[in-house]
Amino acid sequence: MNEHFPISTVLGYPRIGPNRELKRALEDYWAGRTDRAALDETGRRLRAETWHRLHELGLAGLPSNTFSLYDHVLDTAVAVDAIPDRYRDAPDPYFAMARGTDDVPALRMTKWFDTNYHYIVPEIGPKTRFRAVPDKALAELREARALGYETRPVLLGPVTFLQDRLDRLDDLLDVYGELLRELADAGAQWVQLDEPALVVDGGAPAIRHAYRRLAALERRPKLLVASYFGNADAALPALSVAPIEGVAVDLTHGVPTNLRLFEGRTVVGGVVSGRNVWRTDVDAARALLAAAGATAVSTSCSLLHVPYTLRGESGLPAELTARLAFAEEKVAEVVVLAELGPKAGPLPVRPRAEGAVAPESRGPYAARVAAQADLGLPPLPVTTIGSFPQTGELRTARATLQSEEYDTRIAAEIDRVIAEQETLGLDVLVHGEPERNDMVQYFAEHLEGFAVTRNGWVQSYGSRCTRPPILHGDVRRPAPITVRWATYAQSRTDRPVKGMLTGPVTIVAWSFVRADRPLRDVTLQVAGAIREEVRDLEAAGIRIIQVDEPALRELLPLRREEQPAYLAWAVAAYRRATAGAADATQIHTHLCYSDAPAVLAAIDALDADVTSIEAARSGFAIEGLTRGVGPGVYDIHSPRIPGVDEVKSRLRAALEVIPAGRLWVNPDCGLKTRTYDEVRAALTNVVAAAHKIRESVR
């Protein structure tokens, strides 16, 4: 790479593979069907294909060390040797931290800023011993060079890596200094340090301190500090005092007023959004580049958050396809914008919603409890979150069977799921969602205003991928969506069956949403459609309805000053969807892997009768919820089976803050990613533990 920064680049690229090759390689390795060498070969091939493709598209500056076998934050923990001692003796410590072992639970997992990507939270304590382990970054730098490409290694910045443990910053900076020296010795001209912490309140002092130290290193590459997911205006003065060579800023959230402080240095303008799938307005982008004084063009963030390419998406309407750009198409846009260069013009104006939305109300909680008493539930009722294992046979049936055969297959699977739950001894059952490929996509397929892709996969965590729908028009519900299979399931048992719906905030958060209307207005429109579904389930005799909102925390603005307005309309949208239910109908909601304690007051304001919440990895930080609560006791993102005593311990801990009359027992999340053998073993232990605790509180 030339020592001058190239005029076009991207901050990162998808890594799961255009056809989810990494997903399959990971799952084969975890199942013991292949060895680590085969997994590593898949990774090597995907990296080579990415560099080749980016070069073919004309991109001038190629990044490296953006690939990951599971998660880039976990990779950083390995690079600084922040591996807790309990994992070091595992056959594969990396995946032990991500997924747990038979004896040791996995590390905590939560959302990456305001995205639907989940990361493994590093476990950093006062005794954590940092050490530089540059092997991965060096290997990818050399791997690309062997293919003829000079690349810019990318590291997660030290401030963002530590986040809440900034008391260890000086110790970590020593290690980052070693990493940078190693990369310089290997010939890296530039290194990109990702610091989305720049757009979050309160990080400026740590940023100033960290980059003064790193910039003062005698032997290092040139440093490009990249901020994204918001406007970094508040923190840029702190960064500017350090003699770093370049800064990359997310211009899709506006032009920071402090960029003049970087005059004479490289300013990389992120004008092509890495978060949505809409084509870039070239004139507006050029105006942003001019206003920022940008010297290079890039994406606003890594393209990890969008699908690979529109090639092969023949099922989308032509008029919609003309408005779309996935990762490959966005790279082409970056190249074109770099060739055209900045041009002064009017800056784009983002749509803004005006006015508050008053939340609707149901009857008082005490009155609802009385009206629901005839459900006949025992203390500490046991339930699950919704989905049961999605077997290969079921996925094949969904893809190949005709309507009548398919309906027969779905009915048989529901029969199986109901029987399994009755045998296991669950109190409130689910139909297992065998007809649903994804909790958002399924609704998008049945609502007007959405389009779905054939291969628009985006990584959520590890090997888990989703296909976010494209919300491009006004949302309407032409017919009931879930009533048929919910009522069929209820007809197969005397125990109550929950109707399973996805909430309006989550449907919007996990879709690529039209850019011409405020997010609030779109969400309220979706809420109206879900309200109709709640009404029809209730009319069909379904007494318990769960409306999941795992994305409530995800959409929370990163700046504190913007958070109250968002939470107000998000809560109002949920209550618009659910407040029409009668007091005798029990409304549940669910949140998982989303740092829920940060929005606990808003969760309580949803006014659900029961809230199930991920807790097996993150603990029981649920004080403040004033209605029914189901803290998860089984981490479904790990193959590990919790023992009876372990579940009992978690329930006893929950009873310290939740009265027995309000405590529910459930897994952390849906069971679709697990096998039936795993589910039977885990739920057997969960039910046994619940029964033992139930006896002690009667």
Side-chain angles (χ1 to χ4, degrees), residues 2 4-11 57-61 152 190 192 195-196 198-199 222-241 244-303 306 322-325 327 329-352 514-519 558-559 562:
N2 189 297
H4 298 292
F5 198 86
I7 64 170
S8 63
T9 192
V10 295
L11 299 189
L57 290 167
L59 199 68
R152 176 185 75 257
W190 285 84
Q192 175 182 318
E195 289 285 15
L198 279 161
V199 306
K222 293 185 177 183
L223 300 181
L224 176 75
V225 179
S227 73
Y228 43 81
F229 299 152
N231 192 314
D233 219 357
L236 286 178
L239 180 63
S240 70
V241 301
I244 61 168
E245 288 73 23
V247 61
V249 289
D250 180 349
L251 298 181
T252 67
H253 288 83
V255 179
T257 61
N258 290 313
L259 281 174
R260 64 185 184 280
L261 298 172
F262 293 88
E263 188 174 354
R265 293 187 258 185
T266 293
V267 175
V268 180
V271 291
V272 174
S273 175
R275 296 284 299 275
N276 68 35
V277 293
W278 307 102
R279 286 192 182 275
T280 303
D281 181 326
V282 172
D283 291 335
R286 295 179 72 192
L288 287 169
L289 292 168
T295 58
V297 183
S298 181
T299 51
S300 64
C301 61
S302 172
L303 292 171
V306 297
R323 299 162 54 197
L324 299 177
E329 292 77 25
K330 288 178 181 293
V331 173
E333 290 179 332
V334 167
V335 171
V336 168
L337 285 165
E339 293 172 348
L340 291 174
K343 182 180 180 182
L347 295 178
V349 178
R350 302 178 69 195
R352 302 180 68 177
R514 56 190 296 184
D516 63 328
R517 289 188 61 189
L519 204 61
L558 300 178
R559 295 289 186 192
E562 300 172 0

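Heavy-atom basis, side chains included; hydrogens, waters and symmetry copies ignored. Since the structure is predicted, the reported quantities are computational estimates derived from the model, not experimental observations.
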> At what distance, to the nearest 0.5 angstrom, does NZ of Lys222 lie from CD of Gln192?
Replying inline: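 Going from NZ on Lys222 over to CD on Gln192, the span is 16.0 Å.
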>> Within this structure, what is the NE2-CD distance for the pair His4 and Glu245, rounded to the nearest 0.5 Å?
In response: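 Separation between the atoms: 12.5 Å.
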Taking the side chain as every heavy atom from C-beta outward, state whether [X] and [Y] have any pair of such atoms under 4.5 Å apart.
X: Thr266; Y: Val247; answer: no
X: Leu251; Y: Val249; answer: yes
X: Leu198; Y: Val225; answer: yes
X: Thr9; Y: Arg152; answer: yes
X: Ser273; Y: Thr280; answer: no
X: Val271; Y: Val297; answer: yes

Looking at [X] and [Y], what are the two nearest heavy atoms and their distance?
X: Ala294; Y: Gly269; answer: CB-N, 4.0 Å
X: Ala291; Y: Leu347; answer: CB-CD2, 3.9 Å
X: Ala292; Y: Val267; answer: O-CG1, 4.1 Å
X: Gly61; Y: Pro6; answer: CA-CG, 3.4 Å
X: Ile7; Y: Ala338; answer: O-CB, 3.6 Å
X: Phe5; Y: Ala296; answer: CD2-CB, 4.0 Å

Could you pull out every donor-acceptor pair under 3.5 Å between side chains of residues 227-236 and any protein atom, sequence neighbours left out?
| residue | atom | partner | partner atom | Å |
| --- | --- | --- | --- | --- |
| Ser227 | OG | Ala248 | O | 3.4 |
| Tyr228 | OH | Asp194 | OD2 | 3.1 |
| Asn231 | OD1 | Asp233 | N | 2.9 |
| Asp233 | OD1 | Thr257 | N | 3.0 |
| Asp233 | OD1 | Thr257 | OG1 | 3.2 |
| Asp233 | OD1 | Asn258 | N | 3.1 |
| Asp233 | OD1 | Asn258 | ND2 | 2.8 |
| Asp233 | OD2 | Thr257 | N | 3.0 |
| Asp233 | OD2 | Thr257 | OG1 | 2.8 |

>> So, using salt bridge (charged side-chain N to carboxylate O under 4.0 Å, His left out) as the criterion, who are the partners of Arg275 when residues are at least two apart?
In response: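 Testing Arg275 for salt bridge (charged side-chain N to carboxylate O under 4.0 Å, His left out), a comparison that skips the adjacent residues, returns Asp114.
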Using modelled atom types only, decide if a donor and an acceptor are shared between the side chain of [X] and the backbone of [Y] within a distance under 3.5 Å.
X: Glu195; Y: Ala226; value: no
X: Lys330; Y: Asn276; value: yes
X: Ser8; Y: Ala60; value: yes

> side-chain hydrogen bond (donor to acceptor under 3.5 Å, both in side chains): which pairs involve residues 292-302, sequence neighbours left out?
Replying inline: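 Sorted pair list comes back empty.
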All pairs passing salt bridge (Lys or Arg N to Asp or Glu O under 4.0 Å) where [range] contributes a residue, at least two apart:
range: residues 277-303; value: none
range: residues 331-351; value: none
range: residues 249-274; value: none

